[in-house]
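Heads up, the thing below is written out as structure tokens.
Because only heavy atoms are used, hydrogens play no part in the values below, and waters and symmetry mates are left out as well, while side chains stay in. None of the values given here were measured: they were computed from a predicted structure.
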Amino acid sequence: QVQLVESGGGLVQAGGSLRLSCAASGSIGSITVMGWYRQAPGKQRELVARIFSGGTTNYAELVKGRFTISRDAAKNTLLLEMNSLRPEDTAVYYCNANARVRWSPRDDVYWGQGTQVTVSS
């Protein structure tokens, strides 16, 4: 089992920066990929960025060049550094982790409770 707790959300002006953190606990060694997703009111949850165990990253086009995802293995923490924030970045941001399950062909999927990011114009 993996537990995820987000922090760092809040209110920021357009053009500002914010850092989101996701503290992971439990069966950390089983995690294969972690990511950030976001959901705006009336919208589907969408991928923001992912990072795989080997360090490969993947970003949504709308955040590419502005956001940076990273993992601090020593602290079991996932980070999302957000720069040049825009009002359209306003959403609830969720931390995600996929974890290996022994003898299972599929990973278990875990989610944090989400943290609100609001960008004012």
Enumerate the disulfide (SG to SG under 2.5 Å) contacts for residues 44-77, please, sequence neighbours excluded, ordered by first and then second residue.
none
Compare every heavy atom of Gly114 with every heavy atom of Tyr94, then report the nearest pair and how far apart it is.
CD2-CA, 3.6 Å
Residue list, side chain to side chain donor-acceptor pair (under 3.5 Å) with [X], at least two apart or on another chain:
X      : answer
Ser7   : none
Gln116 : Thr118
Ser120 : none

Quick one: do Ile28 and Tyr110 end up in the same hydrophobic cluster if we chain Ile, Leu, Val, Met, Phe, Trp and Tyr together by side-chain heavy atoms under 4.5 Å apart?
yes
Same apolar cluster (I L V M F W Y, side chains within < 4.5 Å links), Leu47/Val109:
yes
Tell me which donor-acceptor pairs under 3.5 Å the side chains of residues 50-65 have, and how far apart each pair is, sequence neighbours excluded?
| residue | atom | partner | partner atom | Å |
| --- | --- | --- | --- | --- |
| Tyr59 | OH | Ile69 | N | 2.9 |
| Glu61 | OE2 | Lys64 | NZ | 2.7 |

Show me the side-chain donor-acceptor pairs of residues 10-25 shorter than 3.5 Å, one per line, residues at least two apart or across chains.
| residue | atom | partner | partner atom | Å |
| --- | --- | --- | --- | --- |
| Ser17 | OG | Asn83 | OD1 | 2.9 |
| Arg19 | NH2 | Glu81 | OE2 | 2.9 |
| Ser25 | OG | Gln3 | OE1 | 3.4 |

Nearest-0.5 Å distance that lies between atom CG in Leu4 and atom CG in Asn96
7.5 Å
Can you tell me how far apart CG (Leu80) and OG (Ser70) are? Round to the nearest 0.5 Å.
8.5 Å
Write out all pairs satisfying ring-ring contact (aromatic ring centres under 6.0 Å, His included) with one or both partners inside residues 6-27, taking only residues at least two apart or from two chains.
none
With sequence neighbours excluded, give me every salt bridge (Lys or Arg N to Asp or Glu O under 4.0 Å) pair touching [range].
range            : result
residues 108-121 : none
residues 27-37   : none
residues 90-102  : none

The single option from Val117, Leu85, Val119 passing side-chain contact (heavy atoms from CB on, under 4.5 Å) against Thr90:
Val119
Using only atom types and a distance under 3.5 Å, with no angle test, would you say the side chain of Gln113 pairs donor to acceptor with the backbone of Glu6?
no
Show your reasoning for whether side chain to side chain contact (heavy atoms under 4.5 Å, CB included) applies to Val48 and Met82.
CA-CA 11 Å; Val48 177; Met82 304 184 293; over 6 Å; no
If you link ILVMFWY side chains whenever their heavy atoms are less than 4.5 Å apart, which other residues fall into the same cluster as Val101? By chain and number, please.
none
Quick one: side chains of residues 31-43, donor-acceptor pairs under 3.5 Å with protein atoms, not counting sequence neighbours, listed by atom name and distance.
| residue | atom | partner | partner atom | Å |
| --- | --- | --- | --- | --- |
| Thr32 | OG1 | Asn98 | O | 3.4 |
| Thr32 | OG1 | Asp107 | OD2 | 2.9 |
| Arg38 | NE | Glu46 | OE2 | 2.8 |
| Arg38 | NH1 | Asp89 | OD1 | 3.0 |
| Arg38 | NH1 | Tyr93 | OH | 2.9 |
| Arg38 | NH2 | Glu46 | OE2 | 3.3 |
| Gln39 | NE2 | Lys43 | O | 3.1 |

